[in-house]
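In what follows, a structure is listed as structure tokens, so that the remarks can point back to it.
Along the sequence shown, residues carry numbers from 1. Below, all heavy atoms of this structure are taken into account, side chains as well, without hydrogens, waters or symmetry copies.
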Amino acid sequence: MNRENFWNDAAKAGAVLGVLLAVSFIVENQIMLAGHVGLYMLYLVEWIAVVIAHYYLLHRFARSRSVLCTAEEGFSFGQGYKAVLAVSGLAGIIVGAVQALYLHLLLGYSVYIDRLIAAMEKLVAASGGIPASMEGLFTQSMEQLQTVAAPSVLQTLWGGIFSSLLFGAVFGLIIAGVLSRAPRPFGESGNE
């Protein structure tokens, strides 16, 4: 990996991260739409594992970019943050595309909403129902969910990109801060 291939390297890292996040999206939706209480622990474990893997992959890419810079050049916070955001944005394109394909073509948005409502009703029934004071609110929420307009494919795509960039923006602050180092034009000791 050399310094001139930033976008090529970012695209490769973004593709790996995008596939990971896309598979995670599908797995999480399948677990959620199943409506089984026991599976929600698996959902939580999967979500935590993906967040850790997501952070690790972003950190690894930014670290690989920082290694390319000599001690004389240093590695600025901005360079690290740019690397994280570039990978996040490119991964978000893949995630958004998979979300759009899954929700609009593979499953269908109306089927998705119907399955979501059925899963929620199944969970409520499994937990012994809801208090009488909350029944009206629950019914109203289900009706609103059924009548909400389906997002466009472009909105779904932008949603995937935004969520990936948001993660990168937040954790990029940590990654860039940890990996940044000041230039040392006179060597490590400063006496040369």
Side-chain angles (χ1 to χ4, degrees), residues 13-63 81 84-85 87-131 133-135 137-146 148 150-151 155-179:
V16 170
L17 184 58
V19 168
L20 170 75
L21 296 176
V23 169
S24 172
F25 168 78
I26 292 171
V27 168
E28 289 172 2
N29 272 286
Q30 292 301 315
I31 291 171
M32 183 177 61
L33 295 177
H36 296 291
V37 176
L39 290 177
Y40 283 102
M41 183 56 74
L42 178 63
Y43 177 91
L44 181 62
V45 170
E46 185 271 343
W47 184 83
I48 291 170
V50 168
V51 167
I52 291 169
H54 190 167
Y55 178 87
Y56 170 76
L57 290 171
L58 289 174
H59 189 274
R60 184 175 158 198
F61 176 73
R63 186 179 65 234
Y81 203 58
V84 169
L85 289 179
V87 171
S88 295
L90 294 168
I93 293 169
I94 294 172
V95 173
V98 168
Q99 288 175 346
L101 289 171
Y102 179 80
L103 290 176
H104 297 287
L105 296 177
L106 183 65
L107 194 59
Y109 193 74
S110 61
V111 173
Y112 172 76
I113 293 296
D114 291 342
R115 287 183 61 189
L116 181 62
I117 290 170
M120 291 172 70
E121 289 172 345
K122 190 175 181 182
L123 287 172
V124 167
S127 67
I130 55 176
S133 62
M134 297 297 289
E135 281 183 21
L137 181 62
F138 181 75
T139 304
Q140 181 183 9
S141 297
M142 294 302 108
E143 289 171 359
Q144 287 178 344
L145 196 54
Q146 287 175 335
V148 71
Q155 287 173 321
T156 306
L157 177 66
W158 282 116
I161 294 170
F162 179 76
S163 65
S164 186
L165 279 173
L166 183 62
F167 187 93
V170 172
F171 286 101
L173 295 171
I174 298 167
I175 294 168
V178 168
L179 295 176

Indicate every side-chain donor-acceptor pair of residues 39-47 with a distance under 3.5 Å to a residue at least two apart or in another chain.
from, atom 1, to, atom 2, distance (Å)
Y40, OH, M32, O, 3.1
E46, OE2, S24, OG, 2.7

Mind listing the closest non-hydrogen atom pair of H54 and L20 along with its distance? N-CD2, 4.3 Å
Distance, nearest 0.5 Å, that separates [atom1] of [X] from [atom2] of [Y]:
| X | Y | atom1 | atom2 | answer |
| --- | --- | --- | --- | --- |
| L90 | L85 | CG | CG | 10.5 Å |
| I52 | H59 | CD1 | NE2 | 14.0 Å |
| L57 | L21 | CG | CG | 8.5 Å |
| L145 | I117 | CG | CD1 | 4.5 Å |

Measure the shortest side-chain to side-chain distance between L33 and L107 over non-hydrogen atoms and say whether it is less than 4.5 angstrom. yes
For residues 91-104, run the donor-acceptor check on the side chains, cut-off 3.5 Å, and write out each pair with its distance to 0.1 Å, sequence neighbours left out.
from, atom 1, to, atom 2, distance (Å)
Y102, OH, Q30, NE2, 2.5
H104, NE2, P151, O, 3.3
H104, NE2, T156, OG1, 2.8

Quick one: side chains of residues 159-176, donor-acceptor pairs under 3.5 Å with protein atoms, not counting sequence neighbours, listed by atom name and distance.
from, atom 1, to, atom 2, distance (Å)
S163, OG, G159, O, 3.3
S163, OG, G160, O, 3.0
S164, OG, S88, O, 2.7

